[in-house]
Amino acid sequence: MNPRQSRSRIASFGHAIAGLGHVLRTQRNAWIHSVASLAVILLAIWLQLSLTHWALLFLAMAMVWMAEFVNSALEATVDLASPTVHPLAKVGKDVGAAAVLIAAACAALVGFVILGPPLA
């Protein structure tokens with residue numbers, strides 16, 4: 001890899017960190033995901049879960065975070081493309097929000113299946 005490619009790769013990480021910061025600063029649901037993720041991690045530590053259960057929990061949490069980030073990107077793009085209210089812009093935003101809802105519901109089910117029995 002030449003020096004120019006290295007700088008480009010490093011810049012890509014910088015852009016990703018900027019995106020992470022933007023979502024955490026501007027999206028109130030990201031804070032809800034943060035609290036939920038922290039609670040799950042602390043509970044999993046306390047319950048001394050197996051590595052397999054840890055992996056499943058991390059995959060479920062990643063699914064929610066990825067949906068939130070894609071939804072945030074979609075909302076910004078729709079706002080740019082359609083600064084005025086438009087029915088199709090609403091559809092795009094609603095569908096993005098639905099993706100987050102589905103991911104969160106599935107992650108909650110995974111959490112209940114994994115964390116429920118040891119807590120019971």
For this session: List in chain and number order the residues that pass side chain to side chain contact (heavy atoms under 4.5 Å, CB included) with Ser8, two or more places apart in sequence or in another chain; answer none if no residue qualifies.
Result: none

Exercise. Rest of the hydrophobic cluster containing Val91 (Ile/Leu/Val/Met/Phe/Trp/Tyr, side-chain heavy atoms under 4.5 Å)?
Worked result: Val95

For this session: Identify, with sequence neighbours excluded, every residue that meets side chain to side chain contact (heavy atoms under 4.5 Å, CB included) alongside Leu43.
Result: Trp46, Leu47, Leu115, Leu119

For this session: Could you tell me whether the side chain of Asn29 reaches within less than 4.5 Å of the side chain of Ile32, counting heavy atoms only?
Result: yes

Problem set entry | Members sharing Val78's hydrophobic cluster (side chains within less than 4.5 Å) | Leu74

Exercise. Quick one: which of Leu20, Thr26, Leu24 gives a side chain to side chain contact (heavy atoms under 4.5 Å, CB included) with His22?
Worked result: Thr26

Exercise. Between Asn71 and Ala97, what is the shortest heavy-atom contact and its length?
Worked result: OD1-N, 3.2 Å

For this session: Can you establish whether the number of heavy atoms outside Ile45 located under 6.0 Å from its atom CD1 is more than 12?
Result: yes

Problem set entry | Residue pairs involving residues 81-92 (criterion side chain to side chain donor-acceptor pair (under 3.5 Å); sequence neighbours excluded) | Lys90-Asp94

Exercise answer: donor-acceptor pairs, residues 54-70 side-chain atoms, under 3.5 Å, sequence neighbours excluded:
unit_1: Trp54; atom_1: NE1; unit_2: Leu49; atom_2: O; d: 3.4
unit_1: Trp65; atom_1: NE1; unit_2: Ser37; atom_2: OG; d: 3.0
unit_1: Glu68; atom_1: OE1; unit_2: His33; atom_2: NE2; d: 3.0

